[in-house]
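Worksheet: the structure to be examined is printed underneath.
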Amino acid sequence: MQVRVNGARAEIPDGATVAALVAARTSGHSRVAVARNGDVVPRSAWETTDLAEGDVLEVLAPTAGG
């Protein structure tokens, strides 16, 4: 299915969850935040939050500096 991740189109498997998306896109990053269709998804809900066709996601990792 097609979704948008950080502004870019992405193909993900049907039935994917936020947890699966984060695992596939953030190798080594343990501190990330995820928003789905403008709403923050709490880390405790990643495993149970299914993604749907057309979802818009932002996966953000903190950066150092200013």
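Computation of the quantities below employed the complete heavy-atom set of this structure, encompassing side-chain atoms and omitting hydrogens, waters and symmetry-equivalent molecules.
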So, for [X] and [Y], which heavy atoms are closest and what is the spacing to 0.1 Å?
X     : Y     : result
Ala10 : Arg25 : CB-NH2, 3.3 Å
Glu47 : Ala19 : OE2-CB, 3.5 Å
Met1  : Ala16 : CE-N, 4.2 Å

(request) Report the C-alpha distance between Val40 and Val34 in whole Å, list the side-chain angles of each, state the deciding distance to 0.1 Å, and finish with yes or no for side chain to side chain contact (heavy atoms under 4.5 Å, CB included). (result) CA-CA 6 Å; Val40 173; Val34 179; over 6 Å; no

(request) Check the pair Leu57 / Arg4 against side chain to side chain contact (heavy atoms under 4.5 Å, CB included), numbers first and verdict last. (result) CA-CA 6 Å; Leu57 301 128; Arg4 281 202 170 277; over 6 Å; no

(message) Is any side-chain heavy atom of Val56 closer than 4.5 Å to one of Val3?
(response)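 Heavy-atom side-chain distance check fails, nothing below 4.5 Å.
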
If I take atom [atom1] from residue [X] and atom [atom2] from residue [Y], how far apart are they, to the nearest 0.5 angstrom?
X     : Y     : atom1 : atom2 : result
Asp14 : Glu53 : CG    : CD    : 8.0 Å
Leu60 : Asn6  : CG    : CG    : 6.0 Å
Asp50 : Thr17 : CG    : OG1   : 7.0 Å
Gln2  : Ile12 : CD    : CD1   : 9.0 Å

(message) Quick one: does any side-chain atom of Asn37 pair with a main-chain N or O of Asp55 as donor and acceptor, under 3.5 Å?
(response) no

